[in-house]
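The chains referred to below are lettered A, B, ... by the order of the sequence lines, with proteins before strands, and numbering in each begins at 1.
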2 protein chains.
Amino acid sequence: MTSAPPEVEGYDKYAFEPFALTADLAVLTVREGRLHVLLVERGQEPYAGAWALPGGFVLPEESAEQAARRELAEETGLSGDTAARLHLEQLRTYSDPGRDPRMRVVSVAFTALVPDLPEPRGGGDAAQARWLPYEDVRHLAFDHDRILADARERVGAKLEYSCLATAFCPAEFTLGELRQVYETVWGVALDRPNFRRKVLATPGFVRPVEGPPRRTGGRGKPAALYRAGEATALHPPLLRPEGRSA
Amino acid sequence: MTSAPPEVEGYDKYAFEPFALTADLAVLTVREGRLHVLLVERGQEPYAGAWALPGGFVLPEESAEQAARRELAEETGLSGDTAARLHLEQLRTYSDPGRDPRMRVVSVAFTALVPDLPEPRGGGDAAQARWLPYEDVRHLAFDHDRILADARERVGAKLEYSCLATAFCPAEFTLGELRQVYETVWGVALDRPNFRRKVLATPGFVRPVEGPPRRTGGRGKPAALYRAGEATALHPPLLRPEGRSA
DNA sequence: GCAAAAGTGTTTATATTACACCCATGG
DNA sequence: CCATGGGTGTAATATAAACACTTTTGC
């Protein structure tokens with residue numbers, strides 16, 4: 001229910017301790033066989049000089065998701081057009097009192113899965129923005145360590161039963177690249193032939209690219225190219241060998 | 001990132017349009033083979049007289065989850081102790097500008113799965129509180145129709161790969177009751193023998209109750225009793241016949 | 001006895017797993 | 001020609017689905 005604020009009956013917006021709302025992003029990508037996270041170096045207190053997830057305050061006329069896209073474009077130099085098309089997913093909201101020393105700040109966290117992008121340039125409030133390997137990340141500002149860990153867990157689980165993995169790939173990709181996404185996020189090796197059959201047996205997961213141009217990931221035989229299909233769910237799911245879920 | 005609010009550098013908490021934060025709950029139960037939702041009738045404008053999800057404002061020293069438990073206890077007459085033990089799960093946050101006509105209100109929505117409880121008594125801001133069959137619910141206040149639909153979808157998906165279904169059951173339950181949870185939420189009939197094997201084959205899903213007392217759900221042969229086990233994930237998952245996922 | 005639900009067994013289909021093997025390319 | 005990754009085939013195993021049958025209760 002959404003009745004009037006406590007201690008107030010006449011909707012006096014300023015009569016109670018205000019909340020600030022931020023949108024923070026865990027932007028993940030697979031680069032050189034390792035999971036990477038987009039981080040910014042904070043330019044001001046608190047936590048000046050520390051690494052943090054990109055994000056910022058939600059403006060009065062924005063939804064949290066709009067704010068997330070805007071902040072991402074501002075802080076990384078992505079074009080607004082690219083940011084508008086990104087796969088963004090709401091992760092959860094962090095509302096513990098005291099998570100920001102200045103005032104009551106509630107953060108709506110998002111997860112973004114992106115293909116390997118060019119190195120970002122800093123901008124906005126961020127002193128600099130960089131991709132860092134997930135394993136090397138420690139001691140982020142605020143409760144961002146926890147947010148990042150939650151994002152990683154969620155992504156690992158969603159790969160099992162959704163077609164999300166294609167979001168890590170460029171528009172056209174080989175099945176080897178797609179498999180590498182799973183292997184990187186799950187940290188296991190998958191059987192190549194079985195992976196291929198599984199993916200191709202799922203209607204709408206990937207669609208072969210017509211023109212028989214082929215491309216190689218480096219060495220070896222050139223592979224057929226695919227695009228992401230229209231399906232979003234995976235049935236039956238692709239379970240990881242030593243499975244866990246959310 | 002969480003730098004200073006826009007248009008402000010000195011952390012003047014009152015210099016920008018304030019947000020209010022609410023916690024709203026989709027409390028679901030299975031009753032007489034149908035999914036039911038706990039709703040309250042609004043006692044004041046806006047939407048006075050309309051049905052809404054229980055919930056209310058997050059207080060300055062609370063997290064959203066604490067607020068959700070407190071509001072649930074207040075509005076339904078559940079003991080604070082019961083509310084403290086409920087299975088509560090954050091669903092998502094709704095932040096569209098304009099979702100509340102009075103001011104900028106952001107809602108953190110939770111889903112609660114509860115066993116068949118006694119009819120609630122109204123309290124707090126609510127004129128009355130009632131269980132209503134999910135299928136009959138329409139035209140809730142604010143964007144609560146959407147929140148409720150999201151909650152239902154999430155619960156249906158989570159039954160597949162988590163042990164959540166036991167949250168709908170009382171402390172001791174029969175496998176028939178557990179199966180009815182699945183059948184009700186998914187709207188399909190499940191094969192009894194196969195369901196039984198599947199549940200018993202999952203370590204930690206249910207634990208048999210020692211004393212061989214047995215109980216019947218109504219007619220038929222008395223069934224063995226079980227308690228919820230310590231497992232939270234289901235591996236491999238229990239897929240619904242005509243599957244979908246989140 | 002009959003209906004209803006529990007519980008056991010069995011058969012068949014489908015999915016997963018673990019390999020062996022050939023193909024095309026770069027160096 | 002050999003290392004590397006793409007792609008095909010196949011047999012062994014595990015899981016899921018369908019259904020027949022016995023048991024125990026209330027009425």
Side-chain angles (χ1 to χ4, degrees), chain A residues 30 32-33 159-161 169 172-184 186 188-203 205-209 211-226 233-243 245, chain B residues 30 32-33 159-161 169 172-184 186 188-203 205-209 211-226 233-243 245:
Chain A
V30 171
E32 296 157 20
L159 287 194
E160 292 195 321
Y161 57 89
C169 297
E172 302 196 338
F173 53 87
T174 68
L175 294 185
E177 289 162 355
L178 185 64
R179 183 169 42 83
Q180 203 181 315
V181 168
Y182 280 89
E183 293 182 331
T184 301
W186 287 349
V188 298
L190 298 178
D191 182 84
R192 222 176 299 154
N194 293 338
F195 179 82
R196 172 190 189 80
R197 269 187 291 262
K198 182 80 184 171
V199 169
L200 296 180
T202 303
F205 191 177
V206 298
R207 235 179 17 230
V209 171
R214 357 192 91 215
R215 196 183 62 174
T216 174
R219 301 188 281 287
K221 177 175 172 180
L225 289 178
Y226 295 84
L234 225 56
H235 267 274
L238 186 52
L239 300 175
R240 43 190 152 177
E242 306 299 296
S245 274
Chain B
V30 171
E32 294 157 20
L159 287 194
E160 292 195 322
Y161 56 90
C169 296
E172 301 196 338
F173 52 88
T174 69
L175 293 186
E177 289 162 354
L178 185 64
R179 183 168 43 82
Q180 204 180 313
V181 168
Y182 280 90
E183 293 181 331
T184 301
W186 288 350
V188 298
L190 298 178
D191 183 83
R192 222 176 301 155
N194 293 338
F195 179 82
R196 172 190 188 80
R197 269 186 290 261
K198 181 81 183 170
V199 169
L200 295 180
T202 302
F205 191 176
V206 299
R207 232 179 19 231
V209 170
R214 356 193 91 216
R215 195 184 64 174
T216 173
R219 301 189 281 288
K221 177 176 173 179
L225 288 178
Y226 295 85
L234 226 57
H235 267 274
L238 187 53
L239 300 174
R240 43 189 152 179
E242 306 299 297
S245 275

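- Atom CD of A/Glu160 is separated from atom CG of A/Leu234 by 10.0 Å, given to the nearest 0.5 angstrom.
- Heavy-atom distances to DNA chain C give each of A/Asp191 and A/Lys198 a nearest nucleotide, and the one nearer the 5′ end belongs to A/Lys198.
- Taking atom CD on A/Glu183 and atom P on D/dG5, their separation rounds to 11 Å, with Å as the unit.
- Put simply, CG on B/Leu190 is 16 Å from C1' on C/dA6, counting in whole angstrom units.
- Whole-Å rounding puts the B/Phe195 CZ to C/dT8 C1' distance at 17 Å.
- Here the P atom of nucleotide C/dA4 and the CD atom of B/Gln180 are 15 Å apart, to the nearest Å.
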If you restrict it to nitrogen or oxygen atoms, what contacts under 3.5 Å exist between nucleotides 20-24 of chain D and the protein, and what is each distance?
unit_1 : atom_1 : unit_2   : atom_2 : d
D/dT24 : O2     : B/Lys221 : N      : 3.3

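- Atom CG of B/Leu225 is separated from atom P of C/dA6 by 12 Å (rounded to the nearest Å).
- A pairwise comparison of heavy atoms in B/Pro237 and A/Leu239 identifies CD-CD1, 3.8 Å as the closest pair.
- B/Leu200 has its CG atom 13 Å from the P atom of C/dG9, to the nearest Å.
- Checked by distance alone, A/Arg192 brings no side-chain donor or acceptor within 3.5 Å of a matching partner on the base of D/dG7.
- Applying the 3.5 Å distance criterion, the base of C/dT14 shares no donor-acceptor pair with the side chain of A/Arg197.
- Distances from the side chain of B/Asn194 to the nucleotides D/dA18, D/dT15, C/dC19 place D/dA18 closest.
- Regarding B/Leu239, its CG atom lies at a distance of 7 Å from the P atom of D/dA17, rounded to whole Å.
- Atom CZ of residue B/Phe195 and atom CD of residue B/Gln180 lie 11.0 Å apart, to the nearest 0.5 angstrom.
- The two residues A/Leu225 and A/Glu172 make their nearest non-hydrogen contact at CD1-OE1, 3.6 Å.
- Listed here is the closest heavy atom pair of A/Leu175 and A/Arg196: CD1-NH1, 3.4 Å.
- Nearest heavy-atom pair across B/Thr202 and B/Lys198 is OG1-O, 3.0 Å.
- Checked against the 6.0 Å centroid criterion, the rings of A/Tyr226 and A/Phe173 do not qualify as a close aromatic pair.
- Taking only side-chain nitrogens and oxygens, A/Arg196 comes nearer than 4.0 Å to OP1 or OP2 of D/dT8.
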